[in-house]
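Reviewing the structure listed below.
Chain letters run A, B, ... following the sequence lines, proteins first and then strands; every chain starts at 1. What you see is a predicted model, and the numbers here were worked out from it, not measured in a lab. Basis for what follows: all heavy atoms, side chains included, without hydrogens, waters or symmetry-related copies.
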Amino acid sequence: MMVRTRVAPSPTGDPHVGTAYVALVNYLFAKQHAGRFLLRIEDTDRVRSSDAAETVILDALRWLGLQWDEGPDVGGPHGPYRQSERLQRYAVAANELLSDGHAFKCFCSVERLEELRQEQRKLGIPPGYDGRCLTLTAGEAAQAEAAGTPFVVRMKVPREGSVVIDDLLRGEISFEWRTVDMQVLVKSDGWPTYHLANVVDDHDMEITHVMRGEEWISSAPKHKLLYEYFGWTMPKLAHLPLLRNPDRSKLSKRKNPTSILFYRRMGYLPEALINFLGLLAVTPVEGEEMMDLATMVARFGLEHISLGGPIFDVAKLDWLNGRYLRERLDLAAFEQRVRDWALNESYLGAIAPLAQPRIERLSDLGPLLSFFFAGRIDVDVAQLRSAKLDDASLRKAFVLALAEVDALALWEAGAINAAFGRIADVLGKRLREVVRPFYVAIAGRAQSVPLFDSMQILGRDLVRERLRNALDLLGGATAKEQEAWRRELSANGAAARQAAEVQA
RNA sequence: GGCGCCAUAGUCUAUCGGUUAGGACGCGGCCCUUUCAAGGCUGAGAGACGGGUUCGACUCCCGUUGGCGCUACCA
């Protein structure tokens with residue numbers, strides 16, 4: 001049987017390096033076995049998914065050199081490869097489960113479910129659905145449905161006995177069925193949840209091996225049960241360790257740059273980044289850690305994956321990237337990379353109009369624009385603290401700005417400007433007072449080219465990093481402070497919206 | 001709280017019952033060098049703890065501790 005693996009990103013945000021790692025492992029495994037590697041878009045979260053995010057993720061994975069054989073852009077015999085285009089298929093599958101008695105309609109309100117969970121937690125018993133709607137007669141269910149009560153479809157899960165999951169990396173993992181929740185399969189809007197869509201698609205797309213993040217281990221029993229309900233063979237499973245922050249928590253953008261875009265923007269070469277990630281799944285021979293994709297395909301082995309979650313070690317990435325820069329590129333190729341990185345027409349084209357009105361000699365350009373060609377910049381804390389903001393307001397301003405950086409749907413100067421307007425409101429200050437330290441944080445000095453345009457051009461990732469750096473220099477903010485301040489911001493936003501509605 | 005996963009230097013790892021516990025990043029020193037890098041040589045640095053099993057445990061088993069994940073009509 002031909003090996004078929006997949007990576008199944010959810011287009012709900014920036015392309016994550018963890019996704020790249022999982023994609024790489026699936027790619028290496030497939031290629032080593034002369035199989036096929038596919039890409040599927042899991043966009044069943046209607047609220048958070050976006051076409052823009054999908055485009056960016058595909059682009060980022062392509063940049064890394066991971067070529068998929070089947071996918072939403074290249075097609076293939078098992079399409080469509082986008083879950084939002086397969087809704088009919090899931091509806092059929094859900095009805096099958098319903099009529100076979102493997103699933104049931106649940107009319108419980110979210111409030112009841114929430115109370116239930118709190119109660120269960122208090123009692124120290126496994127949290128999960130209590131099966132109330134399981135006792136509904138067909139008549140009662142039909143009545144509720146006719147009355148227009150919203151419902152979800154849940155899978156039935158045995159309340160007794162246990163189940164064993166075979167994991168290629170961890171061996172047998174067993175669970176008591178009573179600790180497995182009666183998972184929602186179809187949401188009240190009719191869309192499937194990940195669990196349903198994922199099982200149906202992996203089967204339809206003839207996936208033979210599922211290599212996915214460790215966070216899915218506890219869902220595996222549900223998935224296994226679904227395969228049984230459908231009468232399908234389950235793919236082999238391997239749960240990969242999660243990449244970690246230096247403090248060992250799961251790699252997260254709050255603490256670290258996690259976006260592939262960030263690493264590209266910082267000037268890491270794709271071959272270095274992929275090599276670095278590959279080091280977590282390939283044991284180098286004779287100490288030589290520099291390997292191209294083809295070499296990694298040859299040497300890859302699931303048994304080389306250590307189960308302890310590896311810290312994303314930027315220092316080692318830096319070293320590897322340096323080697324690629326000086327050992328694998330001749331001067332011409334190097335020059336070309338530099339051009340592609342930031343000395344290209346579109347980047348220069350964006351920057352030039354900001355600089356032109358502000359210089360007297362072309363040689364002023366260097367000091368004025370150097371921050372556009374840097375990753376992290378040196379910031380003088382004293383300058384950061386200048387301005388009319390007291391220390392608490394200053395830190396608050398940066399916390400709020402960080403929140404806005406994550407929240408903004410569109411990364412564009414006008415939207416950024418509006419965001420800073422909101423921040424000024426919350427602080428009860430004028431925009432110009434609030435904005436001053438941000439010039440220092442972003443451009444390295446208080447006088448520079450327009451801030452919001454600069455931020456747009458630098459990109460969300462670099463901006464987030466510079467703001468975080470500035471906040472750290474100011475002493476940081478406690479989790480408590482951050483939470484309270486962020487809440488103020490969203491309350492203020494809600495109030496503003498309300499006012500606007502009243503006016504309209 | 002419940003369930004599950006994990007555990008060799010600061011970090012990434014090798015070892016798959018018998019090794020002076022090997023390598024890489026980082027860090028220190030020396031050499032090379034107009035500077036700085038790079039490069040070469042070199043140094044410090046590890047089996048969380050407690051019980052077993054065994055002639056012999058980093059390696060197998062149990063417990064403790066610690067880290068992590070899941071605990072949603074998110075994936």
What is the pairing partner of [N], taking Watson-Crick or G-U wobble pairs with both distances under 3.5 Å in any strand?
N	result
B:rC70	B:rG2
B:rA9	none
B:rC27	B:rG43
B:rU35	none
B:rG63	B:rC49
B:rG18	B:rC55

Please report the closest heavy-atom contact between A:A238 and A:L168, naming both atoms and the distance. CB-CB, 3.9 Å

Looking only at the side chains, is there a donor atom on one of A:T193 and A:K187 sitting less than 3.5 Å from an acceptor on the other? no

Verdict with reasoning, A:V405 to A:W411, per side-chain contact (heavy atoms from CB on, under 4.5 Å): CA-CA 8 Å; A:V405 166; A:W411 189 252; 4.0 Å; yes

Taking [M] as the reference, what is the distance to [N] when you measure between their [atom1] atoms (whole Å, please)?
N	M	atom1	value
B:rC30	B:rG47	C1'	31 Å
B:rU20	B:rA37	C1'	36 Å
B:rU53	B:rC16	P	25 Å

Residues from residues 127-153 of chain A sitting under 4.0 Å of RNA chain B, heavy atoms only? A:P127, A:V152

Centre-to-centre under 6.0 Å for A:F230 and A:H203, is that the case here? no

Considering only heavy atoms from C-beta outward, does the side chain of A:F107 approach that of A:P150 to under 4.5 Å? no

